[in-house]
Amino acid sequence: MDDELQKKLMGMVDQMPPFPKSVHRIMTLSADINCAPKDLVQVIEHDPVITMKLLKLVNSAFFSLARSISSVRHALVYLGLNTVKNLALSIATVESLPRKKTPVFNTKHFLMHSLTTASVAQHVAKTFDIESDATDIFVAGLLHDFGKAVLAQFATDMFAQSVQEAEQNQEPLHIAELRVIGANHAEVGGLLAEKWELPTALVACIREHHMGISSPLGDCVFVANQISKHENFGQSGSPVIESFPGYILERFQMDMEGMLDALGDLSSESEKAHAFIHM
Amino acid sequence: MKVRFWGVRGSIPSPGKHTVRYGGNTTCIEVRPDDGSLIILDAGTGIFPLSQSLFPEFPITAHIFNTHTHWDHIQGLPFFIPFFVPDNRVNIYGVADPISQKGIREILDTQLQYRFFPIREVELKADIAYQSLVEAEVVHIGETKITPVLMNHPVINFGYRIDCNGKSMFFTGDHEPPSNIYTPDDEEYKEYQSLIEQKNKGMIDVIQGVDVMIADASYTPEEYEAKKGWGHGTYDSNIVMARDAGVKKLYCTHHEPTRSDDDLEAVFEAALERNPRQEGDPECFLAQEGLTIDW
């Protein structure tokens, strides 16, 4: 990634617009003094931009917390409901840039892909007894493509060109991004997550999700990412469903077909995400 | 170490004949470690009588540690007389606000605005310094060590552990034990519970073994049912916490403003009966304005 692009992304990402529906719901819920904490948490943890900004803030030098905060619920236990509520409100209402509209990046499809990757990754971890906190896996799945939202917002034309070329060439989007932009979304998301001092396992998972590096968390997200595309849960912008590489086959002892069998019916994952987006 | 209570009431000052024994001022605790430092925990209305007691010592260096910035813990601050007398030095410590991102100086700057107070911060005569604290970053004053501990309240609240010369005390500030936002039939319940246990253990580890713990015991368990999420503990939750942390003496404070002295003694007595003292358990007391603990 060239220095100029890196500098531009770092400087502007604070103004990333959250998704309008989440903003509306956070405003509504937080205006009700009796709102159930779990309802508020659900809205925050289903919005990649608000989750990312919240994790950025709570892991920043400003708080200098003795431990790294890895999920919205983790933040809630450490900082208390009212502080998280007010942080979310300030994130939701901060003056942000207008959302850039591009026909190749449909917000709802992107959210659907992120949310189903998150919940399927959780399902994979549970089915195969992968040791990791469930919400951490959900967060990793939700944020694995955060770099795409950033590129769509701040390198709109080049990102649109990458999506088109990937489609034309039937190649993975990250390959096209590298050629057109000089950096791919995994690298961009990983760089920001690292800069914001997010937990190291989460940074690695975002950065390495196209690098063929194995880790328990990363492997669950890799599998979920491919399944989400295979099942047409939303759209990731990448036309290629990658086959399971050796280290994935080794960990789970099965290919995509076997995995789909092992996980069973995934319609509830898709329905929950769909219901949330269209609530 | 010497600890004196100057304000033991929660929420709002409660003067009157029904609170005359335990006192109506809001939170303020004077701590004198063995090295002679003057440490003041919170600046509720109790800080006004405290400040009058300091005249013979002028010029003084006072270290005010604010647990959190809710009214009842700051409302006496503009009336801390040493501010108005040259050669005094006042150091104010506390949490920066994560929403406005402003440091602890914001308390006085805001309180001493033209509309609310006749004197501005820049007009104060004492030498004033501010230090915004972060979790677990120890402050050293002479031979005394003060450790901020992140508690649970509707605003960021630090409890403070104070250690000097082998003696120790801990003040919770306002604290409600974190509770699970999920119900046992939610799939998220178990994981959230383990986060709570981790958080509780972190607090207990820092408090471990203090001689004196002063704690926010606003409610009885029955009252608490209607006040979940308000950010305060019960007599019972504090007895459990003090027991878990191997505390020697527990002083319950932040008395509910509508509770009369007689009622206070009655609900406290009932709490002790519900939690009979076993060997090694802390001795439990009610904090009372004017009470001094010296050890």
Side-chain angles (χ1 to χ4, degrees), chain A residues 14 30 33-42 44-45 53-54 56-94 119 122-123 125-126 132-139 268 272, chain B residues 68-70 95-103 132-138 147-158 173-183 185-203 205-206 226-232:
Chain A
D14 274 344
S30 59
I33 198 164
N34 294 319
C35 95
K38 61 181 178 184
D39 292 345
L40 185 73
V41 168
Q42 195 199 24
I44 302 171
E45 65 187 8
K53 286 188 175 189
L54 186 72
K56 175 191 172 204
L57 189 60
V58 300
N59 286 296
S60 69
F62 183 82
F63 278 106
S64 294
L65 292 179
R67 65 170 59 236
S68 188
I69 301 293
S70 57
S71 69
V72 178
R73 288 173 216 168
H74 199 187
L76 195 68
V77 171
Y78 269 78
L79 302 177
L81 172 66
N82 202 43
T83 297
V84 169
K85 177 165 116 179
N86 279 280
L87 287 172
L89 206 52
S90 70
I91 291 168
T93 53
V94 74
S119 61
Q122 240 180 348
H123 191 30
K126 207 170 160 191
S132 194
D133 286 339
T135 49
D136 295 3
I137 295 180
F138 187 89
V139 172
S268 79
K272 269 190 269 174
Chain B
H68 67 294
T69 49
H70 282 164
V95 190
D97 172 22
I99 308 297
S100 72
Q101 304 259 318
K102 286 185 179 161
S132 295
L133 304 177
V134 297
E135 184 193 21
E137 191 178 75
V138 175
T147 311
V149 187
L150 189 57
M151 310 301 284
N152 183 52
H153 197 56
V155 67
I156 304 285
N157 178 102
F158 279 148
D174 287 3
H175 172 66
E176 174 180 4
S179 60
N180 205 316
I181 63 168
Y182 298 98
T183 48
D185 50 338
D186 289 329
E187 58 179 300
E188 298 91 345
Y189 181 84
K190 219 174 118 190
E191 192 215 341
Y192 200 85
Q193 198 58 34
S194 79
L195 287 170
I196 290 175
E197 278 157 24
Q198 188 188 72
K199 163 80 179 154
N200 283 336
K201 184 178 180 302
M203 287 186 283
D205 284 351
V206 183
K227 299 186 172 176
K228 278 187 179 160
W230 290 27
H232 303 289

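Within every chain, numbering begins at 1; the chains are lettered A, B, ... in the order of the sequence lines, protein sequences first and strands thereafter.
In this structure a side-chain-to-backbone donor-acceptor pair under 3.5 Å is present from B:Asn180 to B:Tyr189. When atom types are taken as modelled, the side chain of B:Asp174 and the backbone of B:His232 share no donor-acceptor pair closer than 3.5 angstrom.
Between chain A and the residues B:Leu195, B:Leu133, B:Asn152, the largest count of heavy-atom pairs under 4.5 Å involves B:Leu195. The choice from A:Val58, A:Leu57, A:Leu81, A:Asn82 that makes the most heavy-atom pairs within less than 4.5 Å of chain B is A:Asn82. The residue among B:Met151, B:Gln198, B:His153 with the most heavy atom pairs within less than 4.5 Å of chain A is B:Gln198.
Heavy-atom distances place no part of B:Glu176 under 4.5 Å from chain A, backbone and side chain included. A:Val41 touches chain B through its side chain: at least one heavy atom from C-beta onward sits under 4.5 Å away, while N, CA, C and O do not. Neither the backbone nor the side chain of B:Asn200 comes within less than 4.5 Å of any heavy atom of chain A. For B:Ile156, the parts lying under 4.5 angstrom from a heavy atom of chain A are both the backbone and the side chain.
Within 6.0 Å of the NZ atom in B:Lys102, the count of heavy atoms belonging to other residues, nucleotides or ligands does not exceed 12.
Taking all atoms of both residues into account, the shortest heavy-atom contact from A:Lys38 to B:Asp186 is NZ-OD2, 2.7 Å.
The closest side-chain heavy-atom distance from B:Glu187 to A:Lys126 is below 4.5 Å.
The CZ atom of A:Arg73 sits 10.0 Å away from the CG atom of A:Asp136 when rounded to the nearest 0.5 Å.
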